[in-house]
Novice: 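Provided herewith is a single structure, encoded as structure tokens, for subsequent inquiry.
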Amino acid sequence: MIPFYFQIVFYEDRNFQGRSYECSSDCADMSSYLSRCHSCRVQSGCFMVYDRNNYMGNQYFMRRGEYSDFQSMMGMTDIRSCRTIPMHRGSYRMRIYERDNFGGQMHEMMDDCNSIMDRYRMSDCQSCNVMDGHWLMYEQPHFRGRMMYMRPGEYRNFRDMGMSGMRFMSMRRITDMC
């Protein structure tokens, strides 16, 4: 079996111009490699990219492909950190909660949900526990708006993660084999 690897190449300028930085693992701060980042090529694997250091700020999911201009494609002006998303084989399971610290209504999910309001009559999700798999949570129904990457673990308060003011209204499993 061929070992799986992650590879993304970041470029300072649009259309893959300027200095470049090749990355194959998580990178919390790209400023020592590039002064700015406006395009990239994902050669293998899946990544989350962030517009602030230390995996903070706006996030965007990237799969294999070319991203020639972050500003026009995603509305992001710069990429400052990135995280690899490991392949997951097996089941997906997440509990979502209406309030922080696992309070209020709780629902367990094992598949994508395009609207927590329609499915559960739940107007907000402020905490979650990801038991299995990797997920993307979206600010609007039907997997639209800003997103946040969730890997297995407990997330007691989204505001503490730099997502204050965001309400998550839809969730999707990351099933890509990138």
Side-chain angles (χ1 to χ4, degrees), residues 4 6 8 26 28 40 42 44-67 69-77 79-178:
F4 185 80
F6 297 92
I8 187 169
D26 294 356
C40 76
V42 178
S44 61
C46 290
F47 291 83
M48 285 305 290
V49 296
Y50 303 80
D51 67 357
R52 291 180 29 212
N53 294 338
N54 299 313
Y55 319 114
M56 300 293 284
N58 293 312
Q59 307 177 19
Y60 193 80
F61 175 72
M62 302 187 126
R63 58 176 53 97
R64 186 180 175 128
E66 295 189 342
Y67 302 84
D69 183 356
F70 294 142
Q71 177 68 37
S72 65
M73 295 173 80
M74 301 175 261
M76 293 177 85
T77 57
I79 301 300
R80 303 308 321 153
S81 56
C82 73
R83 177 169 273 159
T84 60
I85 300 177
M87 280 195 304
H88 175 75
R89 291 192 172 104
S91 63
Y92 289 79
R93 198 163 58 117
M94 173 171 61
R95 289 188 181 139
I96 59 171
Y97 298 85
E98 183 179 31
R99 292 195 288 269
D100 60 0
N101 290 312
F102 311 124
Q105 289 186 63
M106 183 278 292
H107 297 281
E108 188 166 309
M109 301 174 48
M110 298 176 77
D111 59 354
D112 299 349
C113 176
N114 65 5
S115 172
I116 62 172
M117 178 58 96
D118 292 346
R119 184 183 286 184
Y120 302 120
R121 299 291 176 240
M122 194 168 152
S123 63
D124 202 359
C125 172
Q126 288 297 316
S127 57
C128 73
N129 182 3
V130 177
M131 279 97 52
D132 294 305
H134 298 261
W135 297 73
L136 291 174
M137 296 180 73
Y138 294 83
E139 144 181 79
Q140 298 172 18
H142 306 287
F143 317 116
R144 296 179 43 182
R146 293 183 295 172
M147 64 181 76
M148 186 163 71
Y149 167 54
M150 310 301 276
R151 55 188 177 180
E154 292 185 346
Y155 301 89
R156 294 183 171 276
N157 187 331
F158 297 145
R159 286 185 301 274
D160 293 344
M161 300 170 63
M163 294 296 182
S164 62
M166 267 186 80
R167 296 173 45 178
F168 293 104
M169 302 303 295
S170 55
M171 295 82 182
R172 174 180 277 166
R173 299 163 297 153
I174 300 175
T175 58
D176 291 63
M177 295 308 267
C178 304

Novice: So, using salt bridge (charged side-chain N to carboxylate O under 4.0 Å, His left out) as the criterion, who are the partners of Arg95 when residues are at least two apart?
Specialist: Glu108

Novice: Over all heavy atoms of both residues, which pair between Phe168 and Cys125 is shortest? Give the atoms and the distance, please.
Specialist: O-CB, 3.7 Å

Novice: Tell me if a side-chain donor or acceptor on Asn58 pairs with a main-chain N or O of Asp51 at a distance below 3.5 Å.
Specialist: no

Novice: Looking only at heavy atoms, which two atoms of Met171 and Phe143 are closest? And how far apart?
Specialist: O-CE2, 3.1 Å

Novice: Asp111 vs Arg173, test: side chain to side chain contact (heavy atoms under 4.5 Å, CB included). Steps then yes/no.
Specialist: CA-CA 7 Å; Asp111 59 354; Arg173 299 163 297 153; 4.3 Å; yes

Novice: Are the side chains of Pro141 and Met117 in contact, using a 4.5 Å heavy-atom criterion?
Specialist: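 Side chain of Met117 against side chain of Pro141, heavy atoms only: no contact under 4.5 Å found.
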
Novice: Do side-chain atoms of Tyr55 reach the backbone of Ala28 as a donor and acceptor pair under 3.5 angstrom?
Specialist: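 Flag set: sc Tyr55 to bb Ala28 pair under 3.5 Å.
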
Novice: Please identify each residue that fulfils salt bridge (charged side-chain N to carboxylate O under 4.0 Å, His left out) with Arg144, with sequence neighbours left out.
Specialist: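 By the salt bridge (charged side-chain N to carboxylate O under 4.0 Å, His left out) rule, Arg144 matches no residue at all.
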
Novice: Going by ring pair (Phe, Tyr, Trp, His ring centres under 6.0 Å), name the residues that satisfy it together with Tyr60, two or more places apart in sequence or in a different chain.
Specialist: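 Partners of Tyr60 under the ring pair (Phe, Tyr, Trp, His ring centres under 6.0 Å) test: none.
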
Novice: Can you name the residues that form a side-chain hydrogen bond (donor to acceptor under 3.5 Å, both in side chains) with Asn129, not counting sequence neighbours?
Specialist: none

Novice: Please name the pair of heavy atoms, one in Tyr92 and one in Ile174, separated by the smallest distance, quoted to 0.1 Å.
Specialist: OH-O, 2.8 Å

Novice: Closest heavy-atom contact between Ile85 and Phe6?
Specialist: O-CE2, 3.3 Å

Novice: Would you please name every residue forming a side-chain hydrogen bond (donor to acceptor under 3.5 Å, both in side chains) with Arg83, sequence neighbours left out?
Specialist: none

Novice: Taking ring pair (Phe, Tyr, Trp, His ring centres under 6.0 Å) as the test, write out the residues that go with Tyr67, two or more places apart.
Specialist: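 Per chain and number, Tyr67 pairs via ring pair (Phe, Tyr, Trp, His ring centres under 6.0 Å) with no residue.
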
Novice: Looking at Met122 and Met169, what are the two nearest heavy atoms and their distance?
Specialist: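 The answer is O-CE, 4.4 Å.
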
Novice: Could you list the residues that satisfy salt bridge (charged side-chain N to carboxylate O under 4.0 Å, His left out) with Asp118, not counting sequence neighbours?
Specialist: none

Novice: Please list, chain by chain and in numerical order, all residues satisfying side-chain hydrogen bond (donor to acceptor under 3.5 Å, both in side chains) with Asn54, sequence neighbours excluded.
Specialist: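 Residues passing side-chain hydrogen bond (donor to acceptor under 3.5 Å, both in side chains) with Asn54: none at all.
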
Novice: Regarding Asp26 and Thr84, is there a side-chain donor-to-acceptor distance under 3.5 Å anywhere?
Specialist: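 Distance-only check passes for Asp26 and Thr84.
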
Novice: My understanding is that only residues two or more places apart in sequence, or in another chain, count here; which of them pass salt bridge (charged side-chain N to carboxylate O under 4.0 Å, His left out) with Arg99?
Specialist: none

Novice: Extract all donor-acceptor atom pairs below 3.5 Å that involve side chains of residues 130-137 and protein atoms in other chains or at least two apart in sequence.
Specialist:
from	atom 1	to	atom 2	distance (Å)
His134	ND1	Tyr149	OH	2.7
Trp135	NE1	Asp132	O	3.2

Novice: Only counting residues at least two apart or in another chain, list the ones meeting ring pair (Phe, Tyr, Trp, His ring centres under 6.0 Å) with Tyr155.
Specialist: none

Novice: Where do Ser115 and Ser170 come nearest, in terms of heavy atoms and distance?
Specialist: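 Heavy atoms of Ser115 and Ser170 come nearest at N-CB, 4.3 Å.
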
Novice: I'd like to check the side-chain hydrogen bond (donor to acceptor under 3.5 Å, both in side chains) partners of Glu139; sequence neighbours left out, ordered by chain and number.
Specialist: Arg146

